[in-house]
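Each remark here refers to the structure printed beneath this line.
A note on names: the letters A, B, ... follow the listed sequences, proteins ahead of strands, and every chain is numbered from 1.
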Protein chains: 2
Amino acid sequence: MTQFHTSRTRSTMREVAERAGASIKTVSRVINGEGNVNPELFERVMSAVKELDYRPNLQAGFLRRSDGKTQTIGLLVENISNPFSSALHRAIEDVARQRNVIVFAGSLDEDTHREQELTSAFFARRVDGLIIVPAGDDHAYLSKEQGAGTPLVFLDRPPVNLDADSVVATNFDGGFAATMHLIKHGHRRIAYIGDYATIYTGAQRLAGYKKALEVSNIAYDAAIVFQGSHSSADAQATLSGIFGGSSSPTAIFASQNFVTIGAIRTLHQLGLQGSVALVGFDEISEADLLAPAITLVTQNVTAMGESAAELLFKRLDGDDGDYEKKVIPTVLTPRGSGEISPKY
Amino acid sequence: MTQFHTSRTRSTMREVAERAGASIKTVSRVINGEGNVNPELFERVMSAVKELDYRPNLQAGFLRRSDGKTQTIGLLVENISNPFSSALHRAIEDVARQRNVIVFAGSLDEDTHREQELTSAFFARRVDGLIIVPAGDDHAYLSKEQGAGTPLVFLDRPPVNLDADSVVATNFDGGFAATMHLIKHGHRRIAYIGDYATIYTGAQRLAGYKKALEVSNIAYDAAIVFQGSHSSADAQATLSGIFGGSSSPTAIFASQNFVTIGAIRTLHQLGLQGSVALVGFDEISEADLLAPAITLVTQNVTAMGESAAELLFKRLDGDDGDYEKKVIPTVLTPRGSGEISPKY
DNA sequence: TTGAAAGCGCTAACAC
DNA sequence: GTGTTAGCGCTTTCAA
């Protein structure tokens, strides 16, 4: 015996009204706490609600309600199971919760087509606003929805061909700091490994890397710059062959969490973790437990998520000032792997 | 200048109909791909849709549609940013995506009250079904909603005072296997550390631990059984004082991911990682990189999420067979930390 | 303080 | 093929 044999229909406001001997409008007043209802009537309505297990249909109300709010927002991230994405999600949920707003979330997997599909699915359900870590590199298609009154906040990566609010980290500065840190420890041959070249954050971090070489009078060598690794396995495959030669790198700057893990695995496998320096980007939960512990540049992910949500709700509250671009600083934490000096 | 200055109203099906010189019903036919529309009229409607940037309002359609489906499901987990929860989320999203269903997600933080709040918020938005990793220990309050036709799937933990579909792992077996593994390596003084005692999975794992002691003729000693650690910091605080005495444990069974990390930290801090054995529960992403590498009992989280989603959609497709309880096996992977023999 | 009527944007039922 | 009408469950407007 399952629930489906006992399937009943859900009760409506009209049924509550009939049972309570009141008008539907009076029930609406009670449900929405509008006041100005005779205490006795109020009680009759409440009893009917209990007896019928009445649950208001928010969707129906939204159709007629003047503010047109569904108390729902959408969140699009790279991959909901990536720790970076899920930390953003949690921070946003916590802000939304305070306003009785619930969150739709979806993964884009760096797929432009998927981005358009999912934004469309969210708009069809009339989300009040959207926070997006975009996969695509052209957001002009969102301008009509934006014009129709749905606020958009771009998170981690800025919009392209569209004006909108955004929250980003200091990716360039972080890449610069990571590379300078290695240079200060004596390295002049530093490999770079990163995600797909098309991703904004990676490009910024790489630019920071280049700038650090430049100000230190070290020639940029494309032979030790590797882009296109999206998983730790990718990174491992890429890095495992680059050591051993006379001009192998003495240090690595790994520009993203999974890539950093791949770099760690490679060094451990080759027994080089004590001789090749490594600075990673993004949080890694057990960075302090490894030997050596991993020196990382990290973002304040919670602050990023919170800022994005607050920006969105400010718009929903009616703020129509200029678009804002919030920049959240990154921090380098030395732990060991980044302080290894080159062995010649 | 922001989007809010240009705020326009959204166009409706009626407006599209007027512009195309067709009836609203014809537009509906075109939008929903019902066919039986004159090609020329079809084209006129499509043009009008483009020109007005018309986007159908799914919520409005749902109100009248006979199947009453919102193409939306809800997911409640312990904490959306916990890797276990977010892996479940991703597996569920992937199944839902194939059916054009999108997912609301929320964190319960082991809070019974929050569970009721969030289920209520989801039902108010008329989710088609709900997958829940419950925080509470009484789910009778869900029976009316279940009776009204919203399928419920309990994930990771079974329902209490309610009949419903569920998907759980072999927690008892996993706890038994972990403990037997340590016993086989010569340990007779094995500490247990786990999450809140009220959590079903932890209780099952602890029962497996007890059973392993029992079949091995080892007396249960409550002095080395610790429940109530919800974070790695909690676990560290609990464990840091238990070593050094003449009867200190020679091994630890850590019954959850954060707790395992706390145990690792403690052993490293005390320099005991090479002499005290450790078996953990749940996946830890860099378990293989630590020294020693960590022996873990893991669940197939993706299979758990997929099974739950498939069970839910089977119900939504009309299956009204008996409630199912799917059980997903756990696996112990020896990596080093669990194979340390006791030093006397 | 209460209620009747209209209508949100759409689909269902039934014409033609 | 195409259109008309009613109505999903609720809020709004306006009258009493």
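- Both A:Tyr54 and B:Arg14 sit near DNA chain D, but only B:Arg14 has its closest nucleotide nearer the 5' end.
- Legend: residues meeting side-chain contact (heavy atoms from CB on, under 4.5 Å) with B:Arg90, ordered by chain and number and at least two apart, are A:Asn79, A:Ile80, A:Ser81, A:Ser107, A:Asp109, B:Glu93, B:Asp94, B:Arg97.
- Taking OG1 from A:Thr72 and CG from A:Leu58, the interatomic distance works out to 7.5 Å, rounded to the nearest 0.5 Å.
- Of the residues in residues 31-48 of chain A, A:Asn32 come within less than 4.0 Å of DNA chain D through at least one heavy atom, sorted by number.
- The NE2 atom of B:His113 sits 12.0 Å away from the CG atom of B:Leu108 when rounded to the nearest 0.5 Å.
- Separating the CD1 atom in A:Ile132 from the CG atom in A:Leu75 is a distance of 9.5 Å, to the nearest 0.5 Å.
- A distance of 11.5 Å separates CG in A:Asp165 from OG in A:Ser307, rounded to the nearest 0.5 Å.
- A search for side-chain hydrogen bond (donor to acceptor under 3.5 Å, both in side chains) contacts involving A:Asp128 returns A:Thr70, not counting sequence neighbours.
- The side-chain contact (heavy atoms from CB on, under 4.5 Å) check on A:Arg99 picks up A:Val101, A:Phe313, A:Asp317, with sequence neighbours excluded.
- Taken to the nearest 0.5 Å, the CG atom of A:Leu63 stands 9.5 Å off from the CD atom of A:Gln59.
- Under the side-chain contact (heavy atoms from CB on, under 4.5 Å) criterion, A:Asn100 pairs with A:Gln71, not counting sequence neighbours.
- For A:Ala91, the side-chain contact (heavy atoms from CB on, under 4.5 Å) criterion is met by A:Thr302, A:Glu306, not counting sequence neighbours.
- Surrounding CG of A:Asp137 are at most 12 heavy atoms belonging to other residues, nucleotides or ligands under 6.0 Å away.
- Applying the ring-ring contact (aromatic ring centres under 6.0 Å, His included) definition to pairs two or more places apart or across chains, those involving residues 139-163 of chain B are B:His139-B:Phe154.
- Each end of the helix from C:dT1-D:dA16 to C:dC16-D:dG1 gets its own rotation axis from five pairs of C1' atoms, and the angle between them is 30° to the nearest 10 degrees.
- Contacts between chain B and DNA chain D, taken as any atom within less than 4.0 angstrom of a protein heavy atom, begin and end at D:dG1 to D:dG9.
- Within a heavy-atom distance below 4.0 Å of DNA chain D, the residues of residues 19-29 of chain A found are A:Ile24, A:Lys25, A:Ser28.
- From the 5' end on, the contacts that DNA chain C makes with chain B at under 4.0 Å to a non-hydrogen atom open and close at C:dG9 to C:dA13.
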Yes or no on side-chain hydrogen bond (donor to acceptor under 3.5 Å, both in side chains) for B:Glu145 and B:Thr150, after CA distance, side-chain angles and deciding distance?
-> CA-CA 6 Å; B:Glu145 198 57 40; B:Thr150 309; 3.3 Å; yes
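- Taking CG from A:Leu52 and OG from A:Ser47, the interatomic distance works out to 10.5 Å, rounded to the nearest 0.5 Å.
- Remark: A:Ser28 pairs with A:Asn32 by the side-chain hydrogen bond (donor to acceptor under 3.5 Å, both in side chains) rule, at least two apart or across chains.
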